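Just so we're clear, the structure is a prediction, and the values are computed from it rather than from any experiment.
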Amino acid sequence: MKKIRIGLVTRREMKGYIFLLPWLIGFALFFALPLVQSFIYSLNDVKITANGRKMSFIAFENYRYLFQDDTVFVEQLKNFYADAILRLAVILVFSLVIAMMLNQNIKGKGVFRTLFFLPIIVVSGPVLERLVNEGATTVPLIESYGINGIVEAVLPRALARPLSGLFSQLILVLWYSGVPILIYMTGLQKINSSLYEASKIDGANGWISFWKITLPSLRPMILINGVYILVFLATTGINEVIATINDRMFSTTVGGGYGHASAMAWVYALTLAVTLGILVLVTKERKAKEVAIIKSREQIRIEKLHAESARKMKGGKRHGKKR
């Protein structure tokens with residue numbers, strides 16, 4: 001019997017490996033290999049000549065040049081993360097509000113979901129760049145009333161520039177909310193409705209229920225949406241950092257070439273990984289034991305409330321019969 005079970009397990013494992021094999025081959029050829037090659041480029045001075053590619057090892061000279069001599073890339077990196085954090089907050093809040101509205105019992109929910117998700121499919125790549133260049137992502141009222149000028153005059157430059165960028169591409173930021181809305185709706189539909197009933201019996205209003213039940217239950221969804229939005233903003237075609245890396249890759253001037261561009265890409269990827277790590281720590285769930293204790297206490301409280309309500313109902317019926 002053991003031999004037969006072992007044979008069945010190995011067959012199942014082999015089937016799993018066979019299904020994974022195309023992905024593993026693609027990962028090794030199109031991701032892992034270029035990743036290692038780009039790191040090697042970042043440690044060399046790469047020159048493209050008529051005889052082919054020539055590399056001379058210069059260690060971390062490309063990285064030193066980025067932080068000491070190259071002022072454009074570091075400034076663009078700071079601007080990107082300032083814009084990304086502000087847009088991340090706006091998208092998370094906006095998508096949560098829309099998801100809670102669409103989670104209600106309203107007619108045509110499927111149509112509204114399609115309307116919010118459609119820009120993610122249609123507006124991408126060259127279409128997105130064309131719309132941004134033609135000003136289709138701006139709000140005309142904001143430009144006509146000079147709100148950006150007021151913001152830049154009142155607030156410090158460190159705060160005014162991200163806010164002005166947000167106002168100038170407000171429609172584009174809202175277009176990014178399609179996927180987070182669907183993820184939030186999935187989390188909202190998994191919340192047990194008895195928790196809201198118990199909170200109402202306990203005297204809690206909608207605002208308290210949101211902070212005590214809805215938001216803690218959506219913590220994993222907030223993490224997923226945060227990672228998705230950051231990666232999406234970091235890899236979009238209209239990102240200035242990516243545009244600069246592409247320009248430097250084919251540049252023959254000082255600070256250009258494959259080696260320098262690879263170093264820029266690695267710095268950008270590492271800073272993005274650190275930002276994602278901070279996001280994971282901020283949205284980290286409580287320990288399993290704490291969650292189990294809280295759930296057990298909440299379950300006991302709900303059972304007590306249901307028992308009390310049942311007693312009141314029985315007492316009311318008896319009182320009515322006596323009358």
Side-chain angles (χ1 to χ4, degrees), residues 84-117 119-120 162-163 166-167 170-171 173-233 275-310 312:
I85 292 171
L86 182 60
R87 294 179 182 184
L88 174 65
V90 172
I91 294 172
L92 286 176
V93 174
F94 174 78
S95 57
L96 178 58
V97 172
I98 299 299
M100 293 180 67
M101 293 174 63
L102 293 177
N103 196 44
Q104 304 296 323
N105 292 324
I106 58 175
K107 294 182 179 179
K109 287 194 293 184
V111 177
F112 289 113
R113 293 176 189 176
T114 305
L115 290 176
F116 281 105
F117 188 76
I120 299 295
L163 283 175
L166 177 65
F167 290 148
L170 186 60
I171 296 177
V173 171
L174 299 182
W175 279 348
Y176 294 156
S177 303
V179 174
I181 288 172
L182 295 180
I183 295 174
Y184 275 138
M185 289 188 65
T186 303
L188 289 170
Q189 292 171 2
K190 290 184 178 180
I191 300 175
N192 192 354
S193 59
S194 61
L195 295 175
Y196 293 105
E197 295 175 0
S199 64
K200 288 181 181 179
I201 295 171
D202 207 20
N205 55 19
W207 183 251
I208 295 174
S209 298
F210 171 77
W211 286 102
K212 297 295 183 181
I213 299 174
T214 306
L215 202 59
S217 301
L218 292 177
R219 190 185 294 266
M221 305 302 169
I222 295 173
L223 174 60
I224 295 171
N225 284 332
V227 172
Y228 167 78
I229 295 166
L230 274 178
V231 174
F232 190 85
L233 293 174
T275 307
L276 291 174
I278 294 171
L279 179 64
V280 171
L281 292 176
V282 170
T283 58
K284 186 178 180 181
E285 292 188 71
R286 298 182 182 181
K287 295 180 180 179
K289 292 183 179 179
E290 294 179 1
V291 173
I293 292 171
I294 292 171
K295 285 184 177 180
S296 61
R297 289 176 179 175
E298 190 69 23
Q299 189 67 28
I300 292 170
R301 190 174 67 83
I302 292 170
E303 290 177 358
K304 287 182 179 179
L305 290 172
H306 282 302
E308 289 178 2
S309 61
K312 289 179 181 179

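What you find for I222 and L215 is that their closest heavy atoms are CD1-CD1, 4.0 Å. The two residues I181 and A99 come nearest to each other via the heavy atoms O-CB, 3.7 Å. The two residues G187 and M221 have their closest heavy-atom pair at CA-CE, 3.8 Å. Of all heavy-atom pairs between P216 and W211, the closest is CD-O, 3.3 Å. For the pair I91 and S177, the tightest heavy-atom approach, listed with the atom from each and the gap, is CG2-OG, 3.7 Å. Closest approach of V227 and L279 over heavy atoms only: N-CD2, 3.6 Å.
Distance check: L218 CG to L223 CG gives 12.5 Å after rounding to the nearest 0.5 Å. The structure places CD1 of I229 at 5.5 Å from CG of L88, a figure rounded to the nearest 0.5 Å. Rounded to the nearest 0.5 Å, atoms CD1 (I85) and CG (L230) are 8.0 Å apart. For the atom pair NZ (K190) and OG (S217), the distance works out to 12.0 Å, reported to the nearest 0.5 Å. We find the CG-CE distance between L96 and M185 to be 12.0 Å, quoted to the nearest 0.5 Å.
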Yes or no on side chain to side chain contact (heavy atoms under 4.5 Å, CB included) for L276 and V231, after CA distance, side-chain angles and deciding distance? CA-CA 9 Å; L276 291 174; V231 174; 4.3 Å; yes

Test log, rule side chain to side chain contact (heavy atoms under 4.5 Å, CB included), inputs Y184 and M100: CA-CA 8 Å; Y184 275 138; M100 293 180 67; over 6 Å; no

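Considering only heavy atoms from C-beta on, I213 comes within 4.5 Å of S199 through its side chain.
Although no hydrogens or angles enter the test, the distance criterion places a donor-acceptor pair under 3.5 Å between the side chain of N205 and the main chain of I208.
Within the structure, side chain to side chain donor-acceptor pair (under 3.5 Å) contacts touching residues 92-104 (residues at least two apart or in different chains) do not occur.
Applying the side-chain hydrogen bond (donor to acceptor under 3.5 Å, both in side chains) criterion to T275, with sequence neighbours excluded, gives no partner residue.
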